[in-house]
Amino acid sequence: MNARQTIVVIDFGGQYNQLIARRVRDMGVYSELVPYTVTAQKVASFDPIGIILTGGPLSAFGADSPKLDKGIYELGVPVLGICYGMQITAHLLGGEVAEGKVGEFGGVVCHYDEHPLLAAMGKEGTCWMSHRDKVVALPEGFVGIARTKDTEYAAMACDAKRIYGVQFHPEVLHTEHGLDLMHSFVYDICGAKGDWTMSNFIDEQVAALRKQLDGKKVLLGLSGGVDSSVLAALLYKACPDSLICVFVDHGLLRKNEREEVEEVFGKQFGVNLITADAAGRFLKALEGVVEPERKRKIIGETFVRVFEEEARKIGKVDYLAQGTIYPDRVESGVGNSAVIKSHHNVGGLPSVVDFDGLVEPLRDLFKDEVRRLGFALGLPRHIVMRQPFPGPGLGVRVLGEITEDKLRIVREADYIFREEIAKAGLDESIWQYFAALSNMRSVGVKGDSRSYDYAVVLRAVASVDAMTAEWYKIPYDVLDVVSTRITNEVSGVNRVLYDITNKPPATIELE
Ligand code: XMP
């Protein structure tokens with residue numbers, strides 16, 4: 001069955017669901033996040049060494065509350081319920097859950113008994129609570145093993161069946177030794193060996209890819225972004241002769257971007273890399289277009305056409321490689337964090353290329369794991385730690401009509417901004433930062449003469465998943481240098497503006 005030891009994380013829609021799955025992986029154990037509607041049979045198919053039930057926003061005893069297949073408790077696999085996961089366990093196994101008189105939200109002092117699950121917790125410590133409902137009567141065979149001022153059963157255990165529950169959140173750092181508690185569950189109770197390492201992953205994938213791709217051709221659209229770059233490096237390590245990469249230069253790239261991709265993949269790795277030089281074609285298609293959605297559509301369609309033409313020249317390929325990663329395919333629980341960004345994807349590639357199957361070797365990895373893999377495969381830091389860059393490139397950073405001259409301005413200004421951010425040591429602390437070109441021209445004075453030039457907009461944000469973002473407070477002296485350099489070094493610019501809007505109401509990109 002499953003060669004990797006797996007912990008199945010069953011998601012009830014809590015805000016920390018993905019975090020739990022990632023914490024387990026950070027401990028060296030592979031985890032799968034599945035929605036609470038999963039059947040016991042499906043869970044068994046993972047051959048798991050343990051099961052974790054996440055928190056969730058609803059009541060365990062409400063009519064519309066998310067229920068769980070009770071067979072999951074009969075699989076003979078250790079179960080740890082967290083918050084809602086503890087309540088639903090108590091409810092389904094014959095205990096009682098009720099609304100508490102007072103809720104507990106935030107850090108609370110918790111008193112712990114001696115128990116293998118709590119071995120690292122000491123006698124008491126702060127735990128992070130977020131609940132109003134609580135377990136008021138335990139199911140048969142369970143005992144309480146921790147308590148707070150307002151919660152009699154802050155943790156419960158049935159050692160005979162190896163079923164446990166904690167009302168608090170061990171996965172958040174505010175819970176003292178919370179990660180140690182998870183470690184005790186995963187290693188001491190479930191018997192994990194810690195086989196989820198990047199070197200194991202590489203060995204496993206390389207062996208599988210060699211078997212699948214032996215003597216065959218696989219085509220990859222390389223964008224220079226983190227996922228496609230790491231994918232290229234992995235495929236190259238497994239089957240260098242099978243891999244053909246196509247890089248579309250749409251003329252909307254940042255300064256030096258094409259050269260960097262050609263240097264790393266073409267020269268250092270020696271990948272079979274085809275660069276489609278399509279800048280002129282994109283610019284022509286975009287001539288006179290000002291409406292943002294129309295621009296995006298033109299860029300997306302032209303991209304597909306160019307890629308298709310290159311693929312046709314190659315002829316039939318056996319496989320198309322895609323940089324799908326775990327968050328792209330994970331199903332989630334109730335009314336929660338499902339991220340929908342379909343407008344962001346350059347869709348339609350698979351239907352225009354003649355191929356037999358898809359290869360998606362990154363499909364089990366979270367983003368930080370993709371980065372670790374990139375380092376393990378020897379990719380340079382500037383590619384592995386690259387900030388997100390939109391598919392339509394500078395096309396969504398030049399407001400209004402896109403012209404070659406405007407692209408030159410935004411490219412140069414962006415390069416200066418990046419250079420100064422790196423000099424200030426902020427390049428890995430700011431989630432995303434870039435220069436955009438407003439369509440505004442204003443009056444300025446240079447030497448003794450009047451100018452009537454463009455205004456560059458600097459945008460920098462802190463974010464976790466791009467769904468929300470906060471404008472980043474770059475120190476004034478850094479902004480000062482950036483502004484002076486841009487107005488001195490980039491002709492056609494006489495004003496630099498700093499965007500201080502959060503998302504929402506703004507988006508990260510300007511179009
Ligand atoms: P917005 O502007 O919607 O961007 O706040 C959120 C994140 O997504 C990136 N982005 C894109 N990525 N194709 C992509 O691959 C796109 O069309 C696209 N538009 C925005 C953006 O850079 C930010 O990180």
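Start at 1 and go down the list; that is how both ligands and their atoms are numbered. Just so you know, residue 1 is the first one in the sequence shown, and it goes up from there. Every value quoted in this text rests on a predicted model; they were computed, and no experiment measured them. Heavy atoms only: backbone and side chains are in, while hydrogens, waters and symmetry mates are out.
A salt bridge does not link Lys255 with Glu419: every distance from a Lys NZ or Arg NE/NH1/NH2 to an Asp or Glu carboxylate oxygen is 4.0 Å or more. Between Arg312 and Glu308 a salt bridge is recorded (basic side-chain N to carboxylate O distance below 4.0 Å).
The contact set between ligand 1 and Pro388, taken as ligand atoms under 4.0 Å from a residue heavy atom, comprises 24 (O). Taking every heavy atom of Arg296 and a limit of under 4.0 angstrom, the matching atoms of ligand 1 come to 16 (C), 17 (O), 18 (C), 19 (N). Each of the atoms 1 (P), 3 (O), 5 (O), 6 (C) of ligand 1 lies under 4.0 Å from some heavy atom of Lys503. Atom numbering of ligand 1 starts at 1 in the shown order; those under 4.0 Å from a heavy atom of Pro392 are 13 (N), 16 (C), 17 (O). The contact set between ligand 1 and Thr507, taken as ligand atoms under 4.0 Å from a residue heavy atom, comprises 1 (P), 2 (O), 5 (O). Every atom of ligand 1 with a heavy atom of Ala466 under 4.0 Å away is listed here by number and element: 6 (C), 7 (C).
A distance-only check finds no donor-acceptor pair linking the side chain of Ser483 to the backbone of Val496 [under 3.5 Å]. In terms of modelled atom types and a separation under 3.5 Å, the side chain of Thr275 and the main chain of Phe247 share no donor-acceptor contact. In terms of modelled atom types and a separation under 3.5 Å, the side chain of Arg459 and the main chain of Ile508 share a donor-acceptor contact.
Checked by distance only, ligand 1 and Gly391 come closer than 3.5 Å through their nitrogen or oxygen atoms. For a threshold of 3.5 Å applied to N or O pairs, the pair formed by Ile508 and ligand 1 contains at least one separation below that value. Polar contact check, Glu511 against ligand 1: no nitrogen or oxygen pair lies under 3.5 Å apart. At least one N/O-N/O distance between Glu509 and ligand 1 falls below 3.5 Å. Polar contact check, Trp431 against ligand 1: no nitrogen or oxygen pair lies under 3.5 Å apart.
Distances shorter than 4.0 angstrom do not occur between any heavy atom of Gln387 and any atom of ligand 1.
For Lys473, the NZ atom counts as densely surrounded, since its 6.0 Å shell holds more than 12 non-hydrogen atoms of other residues, nucleotides or ligands.
Cation-pi geometry between Arg25 and Tyr326 is met: the NZ or CZ atom falls under 6.0 Å from the ring centre, inside 45° of the normal.
Note on ring orientation: taking the six-membered ring where Trp is involved, the planes of Tyr36 and Phe12 are parallel (angle under 30°, cut-offs 30° and 60°).
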